[in-house]
Engineer: 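Before I ask anything, here is the structure I am working with.
As a basis for the values below, the full set of heavy atoms in this structure was taken, side chains included, without hydrogen atoms, waters or symmetry mates. Predicted model only: the values in this text are computed from it and were never measured.
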Amino acid sequence: MATGEVRLEVPAAPEFLRISRIMAAGVASRVGFTLDEVEDLRIAIDEVCFSMVGARGRTGTIALRYLLDTDQLVVEGTGHFSDGLGNEPVVSALSKQILAAVVDECELSAGEEGPQFRLVKRHRPA
């Protein structure tokens, strides 16, 4: 499996979150994740990004970093918003359960620049 980093910045609107899921799927599948692992990662990205922007979106962008290591993919995201709605991600109890089921680690917090997250999905060789 390769190592490296891929960066992506998308508008903080629900219709653009699809791009972040597609990028996660592309990066994960390219480095050897199974279809189930790729789908888990897509679900996780959707949950955390939606927790940052909500159903209506926000004014600004989400910057994502996909960090590839020999046996895992780490995805970090930071919201850069100018709407004054705060930096705390809003995560429902259901979203927390989903994240716990699909990724190995998940942290969501209020950062200095905006809400942020860090996901870790480990590849489990067959």
Side-chain angles (χ1 to χ4, degrees):
M1 187 180 298
T3 60
E5 177 180 340
V6 176
R7 292 177 183 246
L8 175 68
E9 190 162 359
V10 296
E15 61 269 22
F16 290 103
L17 298 182
R18 180 172 181 251
I19 298 167
S20 61
R21 293 190 305 269
I22 291 169
M23 178 66 80
V27 170
S29 62
R30 183 165 176 84
V31 296
F33 277 49
T34 66
L35 290 176
D36 287 339
E37 290 169 331
V38 169
E39 187 58 27
D40 286 350
L41 191 58
R42 286 171 43 96
I43 290 167
I45 294 291
D46 194 44
E47 292 295 325
V48 294
C49 286
F50 191 79
S51 75
M52 293 171 68
V53 305
R56 294 190 174 141
R58 295 185 67 175
T59 302
T61 62
I62 297 178
L64 298 119
R65 291 178 49 198
Y66 302 83
L67 306 163
L68 304 152
D69 202 345
T70 55
D71 64 346
Q72 68 183 13
L73 178 60
V74 177
V75 183
E76 298 174 341
T78 301
H80 301 277
F81 307 130
S82 59
D83 54 17
L85 295 178
N87 291 344
E88 192 69 40
V90 179
V91 186
S92 70
L94 177 59
S95 288
K96 288 178 184 178
Q97 288 180 326
I98 290 169
L99 289 165
V102 297
V103 292
D104 298 293
E105 297 175 33
C106 179
E107 300 169 20
L108 292 116
S109 61
E112 289 182 23
E113 297 181 33
Q116 54 191 23
F117 69 84
R118 182 178 186 275
L119 300 174
V120 177
K121 181 68 177 173
R122 291 185 184 87
H123 175 58
R124 294 184 173 56

Engineer: Roughly how far, to the nearest 0.5 Å, is the NE2 atom of His80 from the CD atom of Glu113?
Structural biologist: 5.0 Å
Engineer: Side-chain contact test, heavy atoms from C-beta onward, threshold under 4.5 Å: evaluate it for Met23 versus Leu64 and give yes or no.
Structural biologist: no
Engineer: At what distance, to the nearest 0.5 angstrom, does CD of Gln116 lie from OG1 of Thr78?
Structural biologist: 5.0 Å
Engineer: What about Val120 and Val6, same hydrophobic cluster or not, with Ile/Leu/Val/Met/Phe/Trp/Tyr joined at side-chain heavy-atom distances under 4.5 Å?
Structural biologist: no
Engineer: Can you list, pair by pair, the side-chain donor-acceptor contacts under 3.5 Å of residues 42-56, counting residues two or more places apart and other chains?
Structural biologist:
from	atom 1	to	atom 2	distance (Å)
Arg42	NE	Glu39	OE1	3.4
Asp46	OD1	Arg21	NH1	2.7
Glu47	OE1	Ser95	OG	2.5
Ser51	OG	Val48	O	2.6

Engineer: Hey, are the side chains of Glu5 and Arg65 touching, using non-hydrogen atoms and a 4.5 Å cut-off?
Structural biologist: yes
Engineer: If I take atom CG from residue Leu94 and atom CG from residue Leu99, how far apart are they, to the nearest 0.5 angstrom?
Structural biologist: 9.5 Å
Engineer: Indicate every side-chain donor-acceptor pair of residues 8-20 with a distance under 3.5 Å to a residue at least two apart or in another chain.
Structural biologist:
from	atom 1	to	atom 2	distance (Å)
Glu9	OE2	Thr61	OG1	2.6
Ser20	OG	Leu17	O	2.6

Engineer: If you take all heavy atoms of Ala28 and Val38, which pair is closest and at what distance?
Structural biologist: CB-CG2, 3.9 Å
Engineer: If hydrophobic clusters are built by linking Ile, Leu, Val, Met, Phe, Trp and Tyr wherever their side-chain heavy atoms come under 4.5 Å apart, do Leu35 and Leu68 end up in the same one?
Structural biologist: no
Engineer: State which residues pass side-chain contact (heavy atoms from CB on, under 4.5 Å) with Asp36; sequence neighbours excluded, sorted by chain then number.
Structural biologist: Thr34
Engineer: Is Val103 reachable from Ile98 through a run of hydrophobic residues whose side-chain heavy atoms are each under 4.5 Å from the next?
Structural biologist: yes
Engineer: I'd like to know whether Lys96 forms a side chain to side chain contact (heavy atoms under 4.5 Å, CB included) with Leu108, so could you lay out the CA-CA distance, the side-chain angles of the two residues, the decisive distance to 0.1 Å, and finally the verdict.
Structural biologist: CA-CA 10 Å; Lys96 288 178 184 178; Leu108 292 116; over 6 Å; no
Engineer: Go through it in stages, so that I can follow the logic: the residues are Arg122 and Glu105, the test is side chain to side chain contact (heavy atoms under 4.5 Å, CB included), and I'd like the CA-CA distance, side-chain angles, deciding distance and then a yes or no.
Structural biologist: CA-CA 9 Å; Arg122 291 185 184 87; Glu105 297 175 33; 2.5 Å; yes
Engineer: Please report the shortest heavy-atom distance between Glu88 and Ala110, naming the atom on each side.
Structural biologist: OE1-CB, 3.4 Å
Engineer: For Lys121, which of Leu41, Val102, Val74, Val75 qualifies under side-chain contact (heavy atoms from CB on, under 4.5 Å)?
Structural biologist: Leu41
Engineer: Between atom OG of Ser29 and atom CD of Glu37, what is the distance when rounded to the nearest 0.5 Å?
Structural biologist: 11.5 Å
